[in-house]
Number of protein chains: 2
Amino acid sequence: MQKTLTRVEKRQQKLDVILRNAAKAFMERGYYKTSLDDIAKMQNVTKPTLYYYIKNKEDILVKCEEVALLRINEMIDKVSVDQHSGFDMLYDFIKGYISLVTDDIIRCHVRHRGQMEDVLAKENSIKNHKQLEYRIREIIRIGIKDNSIRDCNSTILAILLFDSLNGISSWYKSDGQVNLGELTAEVLALFNGGVRG
Amino acid sequence: MQKTLTRVEKRQQKLDVILRNAAKAFMERGYYKTSLDDIAKMQNVTKPTLYYYIKNKEDILVKCEEVALLRINEMIDKVSVDQHSGFDMLYDFIKGYISLVTDDIIRCHVRHRGQMEDVLAKENSIKNHKQLEYRIREIIRIGIKDNSIRDCNSTILAILLFDSLNGISSWYKSDGQVNLGELTAEVLALFNGGVRG
DNA sequence: CTATAGAGTTACTCAATAGTAACATACTAT
DNA sequence: ATAGTATGTTACTATTGAGTAACTCTATAG
């Protein structure tokens, strides 16, 4: 017999559902074209109920960001524990990131990061992303030192890497025509050896 | 003595200014956070005046798209006239595209394409981008045939290419720390030979 | 078993802003 | 010069949607 959920657990679950539904709607219709009434309806509740779980509309973005950053950082932790080379770490990061950007909450974060109206939230969001970029830059630097990665501007490479991977998040749909495995393989091949024939 | 501008020319110029200012504001604050009053103020006119030049707010996006597509297609035309290889064409396309995405109207188009509320405008925008992607795919196919480009899924490569280049448009600022020349060089190097050391 | 906090509702306020009507002025072609 | 159109203004309408007040019902802790 499963232990019945405590109030706190139920509450957390409901918040998760709100975030998931909101993230999905934001990705499909966009943040401003999605009203809180729309989101409430997806849970079969009314708008004021949402305010029991979130501070305001923008808080949904902030909370999605929290979840997303946790998962992304966790993934970077995993690929960072000593591998053969910087290249290998970066390689695994790309694989990991692509598998993450199929999740609505992550996609929502990627699409809306740094766009909050609240000045503090916005600054924080930008800072958070800088932190991620910094971690990837470090991996690239390790790779350059051990000669597994071409000597390059690690800042620019890190940005370009995020750009292309984040681009995927905006169009990738699990039910679309592009297969995730093949997509990952192509990205890794491009990343590994460029496009030269 | 310079011939004074005709009404039609003056009108065209004013429309250009509106598009440019609107595009700039949309990139800085976002489409929904920018009101028509804001845009009007940038030209020192009032909101109803704008309606003399545009059908409605969304029409600004449509008109920016028209301008952007003209310039992008023109650039692709230029790099397509017979070069040594598919790779060379693609190489020049990348150079050309990066130089274009520093322009606010192009950036505005890139950021907002396919997001119109008007169903027809939206479908048209998506179709337009598909058309661009198709042209790049063709270049890639030429490169694969003449062995200047690695045998790969041309669809995925075209998408990834646009993703990374369009990513640049969202963060690149001409007054920022990243130098455009160095950025282009890094992209081309990555594109040419990947990241392997 | 019951007091209380949790979870939800209906019915509102209030602000922002897209778009319009009606009117005023300035150019330009004849 | 002047008719008429291009360009602009002020003052408005109408809608949307975020956020709140005030209330009901329900479950659980003691």
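As the structure is a computational prediction, the values presented were derived from the model and not from experiment. Order of the sequence lines fixes the chain letters, A, B, ..., with proteins taken first and strands second; residue numbering starts at 1 for each chain.
Taking atom CD on B:E117 and atom C1' on D:dT15, their separation rounds to 13 Å, with Å as the unit. Whole-Å rounding puts the A:E9 CD to C:dA7 P distance at 13 Å. When the P atom of D:dG19 is taken as reference, atom CG of A:D118 falls 11 Å away, rounded to whole Å. With rounding to whole Å, B:Y52 atom OH is found 4 Å from D:dA6 atom C1'. A straight line from CG of A:L50 to P of C:dG8 spans 10 Å, rounded to a whole angstrom.
Taking the charged nitrogens against the carboxylate oxygens, B:E138 and B:R141 do have a contact shorter than 4.0 Å, which makes a salt bridge. A salt bridge does not link B:R111 with B:D104: every distance from a Lys NZ or Arg NE/NH1/NH2 to an Asp or Glu carboxylate oxygen is 4.0 Å or more.
Side chain to side chain, B:D146 and B:S148 meet the donor-acceptor criterion of an N or O pair below 3.5 Å.
Side-chain atoms of B:K47 come within donor-acceptor range of the base of C:dA18, with a qualifying N/O pair under 3.5 Å.
Taking 4.0 angstrom as the limit, B:T46 places none of its side-chain polar atoms (N or O) nearer than this to OP1 or OP2 of D:dG8. The side chain of B:R11 contributes an N or O atom lying less than 4.0 Å from OP1 or OP2 of D:dT7.
Contacts of residues 53-61 of chain A with DNA chain D (heavy atom under 4.0 Å): A:N56, A:K57. Taking every heavy atom of residues 25-44 of chain A and every atom of DNA chain D, pairs under 4.0 Å involve A:T34, A:S35, A:L36, by number.
The shortest non-hydrogen separation linking B:T34 to B:G30 is OG1-O, 2.7 Å. Here the shortest heavy-atom pairing between B:I159 and B:E133 reads CG1-OE1, 3.7 Å.
When distances are taken from the side chain of A:Y51 to each of D:dG19, D:dT10, C:dA7, the shortest belongs to D:dG19. If you check C:dA7, D:dT9, C:dT9 against the side chain of A:V45, the one that comes closest is C:dT9. Distance from the side chain of A:K10 is smallest for D:dT28 among the nucleotides D:dT9, D:dT7, D:dT28.
Sequence neighbours left out, the pairs with a member in residues 174-189 of chain A that pass side chain to side chain donor-acceptor pair (under 3.5 Å) are A:E182-B:N153.
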(message) Apply salt bridge (Lys or Arg N to Asp or Glu O under 4.0 Å) to residues A:R20 and A:D16 and explain how you reach the verdict.
(response) CA-CA 6 Å; A:R20 223 150 262 297; A:D16 280 350; over 6 Å; no
(request) Start with the C-alpha distance between A:N21 and A:K24, add both sets of side-chain angles, then the distance that settles side-chain hydrogen bond (donor to acceptor under 3.5 Å, both in side chains), and finish with yes or no. (result) CA-CA 5 Å; A:N21 281 329; A:K24 195 177 171 205; over 6 Å; no
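Side-chain heavy atoms closer than 4.5 Å link hydrophobic residues (I, L, V, M, F, W, Y) into clusters, and following such links, possibly through other members, connects B:I105 to B:L50.
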